[in-house]
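Notes to accompany the following structure.
Naming: A, B, ... by sequence-line order, numbering from 1 per chain. Treat the numbers as computed from the prediction; the structure is a model and nothing was measured.
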There are 2 protein chains.
Amino acid sequence: MAGLTKKRVTLADVARLAGLSSAAASMILTGRPDTRLSAEAHRRVHEAAAQLGYRPNLAAQALRTDKTRTIAFISDYVATTRYANGLIRGALAAAQEAGHVLLLLETGGEPDREVQAIEAALDRQVDGIIFAAMRAREIFVPTLPAATPVVMLNGTSTRFPLSVLPDELTGGHSSVDLLYAAGHRDGIALVGHNKIAEQGLFRSETVGRRIAGIHAAMREHGLDFAVEESCWEWEPHHGFELARKVLAQRPEITALLCLNDRLAFGAYQALAEAGRSVPGDIAIVGFDNDEIAGYLRPGLTTIALPHEEMGRASVRLLLSPDASGEHLISMPVVVRASI
Amino acid sequence: MAGLTKKRVTLADVARLAGLSSAAASMILTGRPDTRLSAEAHRRVHEAAAQLGYRPNLAAQALRTDKTRTIAFISDYVATTRYANGLIRGALAAAQEAGHVLLLLETGGEPDREVQAIEAALDRQVDGIIFAAMRAREIFVPTLPAATPVVMLNGTSTRFPLSVLPDELTGGHSSVDLLYAAGHRDGIALVGHNKIAEQGLFRSETVGRRIAGIHAAMREHGLDFAVEESCWEWEPHHGFELARKVLAQRPEITALLCLNDRLAFGAYQALAEAGRSVPGDIAIVGFDNDEIAGYLRPGLTTIALPHEEMGRASVRLLLSPDASGEHLISMPVVVRASI
DNA sequence: GCTAATTGCTAAATGGATTTAGCAGGCGGG
DNA sequence: CCCGCCTGCTAAATCCATTTAGCAATTAGC
């Protein structure tokens with residue numbers, strides 16, 4: 001309106017228009033509490049800022065205060081696992097609510113890229129770092145300025161006690177409860193059990209707890225698995241083969257407890273092939289609440305990984321100064337038609 | 001080793017250790033070409049920098065140069081669509097290669113959040129902005145400093161001519177070619193066609209071109225669809241119902257051309273129900289190369305959306321000063337067993 | 001031998017906000 | 001009347017790297 005504004009509006013411009021020093025303008029705009037500036041001065045500065053459309057230069061602010069309202073989200077894999085998505089989305093939402101912004105970095109799990117990512121983050125003076133681990137592994141963290149808050153998301157670290165994890169113990173328990181409540185006792189097969197996975201070396205750190213929760217619940221109900229079929233990976237075709245084997249060897253089975261939804265997906269295919277119906281002949285439960293769980297017919301009942309909630313929690317924890325310890329996010333039971 | 005280094009190492013520290021002025025150190029470390037500094041000075045500065053582990057303060061650098069090596073990636077939806085994932089991953093990889101970093105922002109397609117996101121990006125003096133559109137719609141962009149480069153990713157804008165899109169015209173063509181080459185002539189059904197979609201109002205802007213490519217190829221081969229079944233949304237259960245209808249009304253059909261893989265997924269379920277085999281009785285092609293395409297049995301042949309490549313391209317274009325126009329990324333044909 | 005050009009480097013300004021130290025004027029107390 | 005205190009505000013330092021203008025010492029040129 002007024003004329004060509006070529007340059008950025010600076011604090012000095014605001015101060016000039018308000019007829020005050022930039023020191024005064026700064027104090028007023030940052031809302032300092034103990035200031036002795038007059039109400040009139042406050043009015044004039046705010047008015048001037050609004051009129052000029054003033055936006056503080058964050059680089060200058062960062063230089064002075066070491067605060068950037070920026071959080072680094074460093075994950076080992078973004079696209080490889082569909083899980084990262086929910087985590088990022090939750091973190092993004094919580095960051096936005098807190099007036100922060102997310103710097104996204106990927107390391108591929110390689111130590112040198114990890115170092116690079118951390119350096120890139122520190123160079124930009126981020127206010128904190130979230131390490132999101134899709135696979136369990138100790139992250140190699142180069143010396144970090146002690147003041148930088150760090151949250152481990154979906155993983156743990158001896159160096160950083162603050163972490164956010166799904167409550168897999170309870171979740172595992174729920175899956176068994178679900179089958180028990182539906183009347184299943186002796187014909188339950190466990191699909192995907194794996195010693196290595198249980199040690200948490202190759203999978204998400206917490207699947208060990210998932211399995212522990214399942215076994216604890218079985219014990220509590222006085223039950224035992226009719227079969228336990230194990231495999232290394234948890235892709236649909238493994239579920240297909242395992243389920244096929246179970247059906248051939250133990251036709252009396254009435255329920256399949258699959259350690260994730262992709263295994264369950266494969267199991268559906270094997271059941272269709274064998275002409276067995278879900279849930280009429282065989283009940284199925286999965287874990288994760290993967291996208292495909294809703295696509296299956298009938299819909300797959302599953303124990304959801306609360307990714308979005310975990311992402312939110314990680315940001316909130318990062319920004320709350322006195323947080324510490326392990327934060328477990330409960331895993332909702334998503335009831336569909338497969339039991 | 002040497003002692004407690006409480007504070008950040010600054011350029012002045014490096015200069016002091018090298019016995020030179022910080023002006024000299026700056027020129028040497030930024031690799032200015034026309035400098036008259038001695039080889040000896042170069043050596044000493046580099047050595048000092050290495051010894052102290054000097055890392056320039058990006059905030060100070062940004063303040064002076066207006067460059068941050070940071071790119072804003074503003075998308076309407078991150079998690080809602082699984083597509084965003086590949087785009088982000090590609091962008092992330094290309095950014096890293098170029099020594100840049102990605103600021104991730106989500107708008108939910110709401111104009112006020114769009115404004116907020118853009119302001120947050122500009123406040124941080126990003127070197128450029130990528131607008132990723134999952135749904136076609138004109139993005140409301142508040143006045144942007146003219147110097148800020150902008151790339152539209154998976155969308156177009158009258159205001160920003162630089163864009164990256166999948167080559168849907170050719171992709172649509174390929175899908176028909178595939179069926180034609182397999183000998184299909186008269187028994188082809190099109191599943192998912194939709195006038196609204198064709199106008200690109202609710203879907204990704206480019207599906208109109210996908211459909212145009214399909215029709216062009218049909219014309220070229222002198223073919224006509226035996227049936228065209230349309231629907232609003234493209235979720236598996238729509239595919240299920242449409243395929244069921246087609247099978248009931250036109251049992252002579254030999255091929256299903258599904259406008260995306262989720263429709264194809266539902267079609268598989270309908271075929272299984274009807275006891276028809278793939279590809280023996282009926283061939284199926286999809287689009288997108290969704291994750292599920294590989295999970296299906298038999299694997300779904302599909303025309304892939306090159307998300308990762310698009311993400312990479314968007315960053316590369318953003319960083320190349322003379323780029324302009326529409327950049328079409330070709331859609332690879334992913335051959336599996338469904339034809 | 002003396003000016004002019006080149007070489008090698010530095011002092012100081014700059015970018016924009018925050019923050020400390022402190023100035024001037026008014027008021028109360030003794 | 002004088003000292004001290006409070007009020008309302010400002011000057012200047014600070015964060016750190018970049019960049020311009022320019023100084024001193026050589027070397028070249030005639």
Which part of the nucleic acid does A:A62 contact within heavy-atom distance under 4.0 Å: base, sugar-phosphate only, or nothing? nothing

Is B:S26 touching bases, backbone alone, or none of the nucleic acid, heavy atoms closer than 4.0 Å? base

Find which nucleotide of DNA chain C each of A:T30 and B:S21 is nearest to by heavy atoms, and output the residue with the more 5' nucleotide. B:S21

Pick the closest DNA chain C nucleotide for A:A12 and for A:R36 by heavy atoms, then say which residue is nearer the 5' end.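 Looking at DNA chain C, the more 5' nearest nucleotide goes with A:A12.
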
For atom [atom1] of [X] and atom [atom2] of [N], their distance in whole Å:
X     : N      : atom1 : atom2 : answer
B:L11 : D:dT19 : CG    : P     : 12 Å
A:Q61 : D:dT14 : CD    : P     : 20 Å
B:M27 : C:dA11 : CE    : C1'   : 12 Å
A:R44 : D:dC9  : CZ    : P     : 7 Å
B:E40 : C:dC9  : CD    : P     : 9 Å
A:D13 : C:dG15 : CG    : P     : 12 Å
B:L29 : D:dC16 : CG    : C1'   : 13 Å
B:I28 : C:dT10 : CD1   : C1'   : 13 Å

Say whether B:Q96 and A:R113, considering side chains only, have a donor N or O and an acceptor N or O under 3.5 Å apart. yes

Does either side chain, that of B:T70 or that of A:R124, offer a donor lying less than 3.5 Å from an acceptor on the other one?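 On atom types as modelled, these side chains qualify, holding a pair under 3.5 Å.
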
Comparing B:A24 with B:N57, nearest DNA chain D nucleotide closer to 5' gives the residue B:N57

When you check the phosphate oxygens OP1 and OP2 of D:dT7, does a side-chain N or O of A:S38 lie under 4.0 Å from one of them?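 Answer no for this pair, as no side-chain N or O of A:S38 is under 4.0 Å from OP1 or OP2.
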
Taking [X] for its side chain and [Y] for its backbone only, find out whether a donor-acceptor pair lies under 3.5 Å.
X      : Y      : answer
A:R44  : A:A18  : yes
B:R8   : B:R55  : yes
A:D127 : A:T68  : yes
A:S163 : A:T156 : no

Axis-to-axis angle across the helix from C:dG1-D:dC30 to C:dG30-D:dC1, five pairs an end, to 10 degrees?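 The value is 60°.
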
Side chain of [X] only, heavy atoms from C-beta on: which candidate in [options] is closest?
X     : options                : value
B:L37 : C:dA17, D:dC9, C:dC9   : C:dC9
B:A23 : D:dC9, C:dT19, D:dT19  : D:dT19
A:L20 : D:dC9, C:dC9, D:dA17   : D:dC9
A:Y54 : C:dA17, D:dA17, C:dT18 : C:dA17

With the threshold set at 4.0 Å, does a side-chain nitrogen-carboxylate oxygen contact exist between A:R316 and A:E97?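 No, A:R316 and A:E97 are not salt-bridged.
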
Here the gap from B:N57 atom CG to B:L63 atom CG, rounded to the nearest 0.5 Å, amounts to 9.5 Å

